[in-house]
Amino acid sequence: MKKRVFSGIQPTGDIHIGNYLAAIKHWVASQTELDSVFCIVDLHAITVPQETNVLKSKIREVTGLLLAAGIDPKLSTVFIQSHNSAHTELAWILNCFTPMGWMQRMTQFKDKLQEQKEQVSVGLFDYPALMAADILLYNTDIVPVGEDQKQHVELTRDIAQRFNSIYGETFKLPEPLIPETGARIMGLDDPTTKMSKSEAGSGHAINLLDPSDTIRAKVMQATTDSLREIRFDENRPGIYNLLVIYELFTGLSRPDIEARFERKGYVNLKQELAEIIVDSLRPLQSRYQELTADPTYLDSVLTEGSSRIRPLAEKTMTVVKEKVGLG
Ligand code: TYM
């Protein structure tokens, strides 16, 4: 039996190299050895306001990008969260076993609360319970995510453990899988904040579908520091972030990268990095154009994904409802 991997991505904003380097790239790499399930989490997306048509088109865009990046629908299952109502059903049940205090500790929620104050929705507060449902529905072993999602996967384990302690062994406890390098890619305009899909600044994130000249301009404008030496030093977040991106796209070792830029300036590093990103994304971008030329293809992948996954979720829901005494 292959171990099951489950992960999700929100169809909001523009998918960027942080999503790619920390998550999508690893999903692609492991899909031959692991039973992989990837979910486009549109119900998570609506925890903050979305425009109807934009959301609809973003769902297709993310699907196209996952496939263009190398997710193979013959090896992996790709589906839309709202196509399977078991996610919301289990989330409700898990809500009833999750203390408010656990949710209140979630740092992502606390950050959003600071930004949005009274506008913050109950859905956003409850976001981690829906994420726990996503994961627990499919007896997931491994959840490959970036650093920012680690706390949510740990909460999922806590919720599962609590349920299991009341009703006996029901849910498998999932393990988060966080990459050693690149688990937190930072914004190019401000390397002290995480690169984010929802950040408005035009120089903040490199998006997977950015044209070559946009990528070059963003890299050249990236915030660095007033020092000269090009070294992997976490205390210099701007240059460190650029070097990590360089490392992840080239696969070169840190000493090799440092040696390459010895006695060279930041402009050299930025110019070289920009070309590396442009060249690395070019095949993905052209595959994306091919795949999306036929919109029925994406829909067929998503329909097939939902029907493949639904029986697994139904099986879990039957067990859970039986244990709780529903129906
Ligand atoms: P989302 O859509 O924000 O991000 C998708 C994946 O990209 C990672 N990521 C990053 N990694 C490194 N540096 C960054 N700057 C960066 N920004 C984003 C995220 O960690 C994630 O792995 N809650 C999830 C979606 C979700 C999910 C799930 C994930 C819903 N249900 C169940 C796993 C399992 C989210 O908002 O990801």
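Whatever order the structure lists them in is the order used to number ligands and atoms, beginning at 1.
Here His44 has side-chain heavy atoms under 4.0 Å from ligand 1, and that is the only part of it that gets that close. The side chain of Asp134, and not its backbone, has at least one atom closer than 4.0 Å to an atom of ligand 1 (non-hydrogen atoms only; side chain from C-beta on). Contacts between Ser7 and ligand 1 below 4.0 angstrom, taking non-hydrogen atoms only, involve backbone and side chain alike.
Ranking the protein heavy atoms by distance from atom 22 (O) of ligand 1 puts Gly146 N, 3.1 Å first. Of all protein heavy atoms, the one closest to atom 18 (C) of ligand 1 is Asn19 ND2, 3.1 Å. Counting protein heavy atoms only, atom 28 (C) of ligand 1 is closest to Met131 CG, 3.4 Å. The shortest contact between atom 13 (N) of ligand 1 and any protein heavy atom is with Ile185 N, 2.8 Å. Distance from atom 11 (N) of ligand 1 to its nearest protein heavy atom, with residue and atom name: Ala22 CB, 3.1 Å. With respect to atom 10 (C) of ligand 1, the closest heavy atom belonging to the protein is Gly18 O, 3.8 Å. Closest to atom 2 (O) of ligand 1, if we only count protein heavy atoms, is Lys197 NZ, 2.6 Å. Regarding atom 20 (O) of ligand 1, its nearest protein heavy-atom neighbour is Asp148 OD1, 2.4 Å.
Using 4.0 Å as the threshold, Met186 has no heavy atom nearer than that to any atom of ligand 1.
Here's the thing with Val145: none of its N/O atoms is less than 3.5 angstrom from an N/O atom of ligand 1. Checking only distances, Lys194 never comes within under 3.5 Å of ligand 1, N or O to N or O. Looking at Glu147 next to ligand 1, no N or O pair under 3.5 Å apart turns up.
Within ligand 1, counting atoms from 1 as listed, the ones closer than 4.0 Å to a heavy atom of Ala23 are 6 (C), 7 (O), 22 (O). Every atom of ligand 1 is numbered from 1 in the order shown, and the set under 4.0 Å from a heavy atom of Val143 is 33 (C), 34 (C). Close approach to Arg184 involves these atoms of ligand 1, each under 4.0 Å from a residue heavy atom: 12 (C), 13 (N). Residue-ligand proximity, Gln149 to ligand 1, at heavy-atom distances under 4.0 Å covers atoms 19 (C), 20 (O), 23 (N), 24 (C), 35 (C), 36 (O). Using a 4.0 Å cut-off to heavy atoms of Ala183, the atoms of ligand 1 that qualify are 11 (N), 12 (C), 13 (N). Atom numbering of ligand 1 starts at 1 in the shown order; those under 4.0 Å from a heavy atom of Ile9 are 2 (O), 5 (C). Listed by number with element, the atoms of ligand 1 under 4.0 Å from a non-hydrogen atom of Ile135 are 32 (C), 34 (C).
The option from Tyr20, Phe6, Tyr127, Trp27 that lies nearest to atom 32 (C) of ligand 1, judged by heavy atoms, is Phe6.
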- prompt: Can you check side chain to side chain contact (heavy atoms under 4.5 Å, CB included) on Glu175 and Arg157, steps first, answer last?
  reply: CA-CA 8 Å; Glu175 294 284 347; Arg157 287 173 63 89; 3.4 Å; yes
message: Does Asp42 form a salt bridge (charged side-chain N to carboxylate O under 4.0 Å, His left out) with Lys58? I'd like the steps, not just the answer.
response: CA-CA 9 Å; Asp42 54 349; Lys58 285 283 165 190; over 6 Å; no
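Counting only N and O atoms by type, the side chains of Tyr240 and Asn235 include no donor and acceptor under 3.5 Å apart. A side-chain N or O of Asp134 and one of Gln81 form a donor-acceptor pair less than 3.5 Å apart.
The distance between the ring centers of Phe109 and His152 does not fall below 6.0 angstrom.
Under a 3.5 Å cut-off, the side chain of Gln50 and the backbone N or O of Thr12 do not form any donor-acceptor pair. Side chain of Arg236 to main chain of Glu229: a donor-acceptor pair is present (N/O by atom type, distance under 3.5 Å, no hydrogens or angles). For the pair Gln149 (side chain) and Gly8 (backbone), a donor-acceptor distance under 3.5 Å is absent. A donor-acceptor pair is defined here as one N or O able to donate and one able to accept, closer than 3.5 Å; such a pair exists between the side chain of Thr170 and the backbone of Gly168. Looking at His44, its side chain never comes within 3.5 Å of a backbone N or O of Leu124 through a donor-acceptor pair.
Cluster membership check: Phe38 shares its hydrophobic cluster with Ile24, using side-chain heavy-atom separations under 4.5 Å among Ile, Leu, Val, Met, Phe, Trp and Tyr. Hydrophobic clustering (side-chain heavy atoms under 4.5 Å, transitive across Ile, Leu, Val, Met, Phe, Trp, Tyr) groups Leu90 together with Ile159.
Taking 4.0 Å as the cut-off between side-chain N and carboxylate O, Asp148 and Arg184 do not count as a salt-bridged pair. One finds a salt bridge joining Glu272 and Arg260 here, because a Lys/Arg side-chain nitrogen approaches an Asp/Glu carboxylate oxygen to under 4.0 Å.
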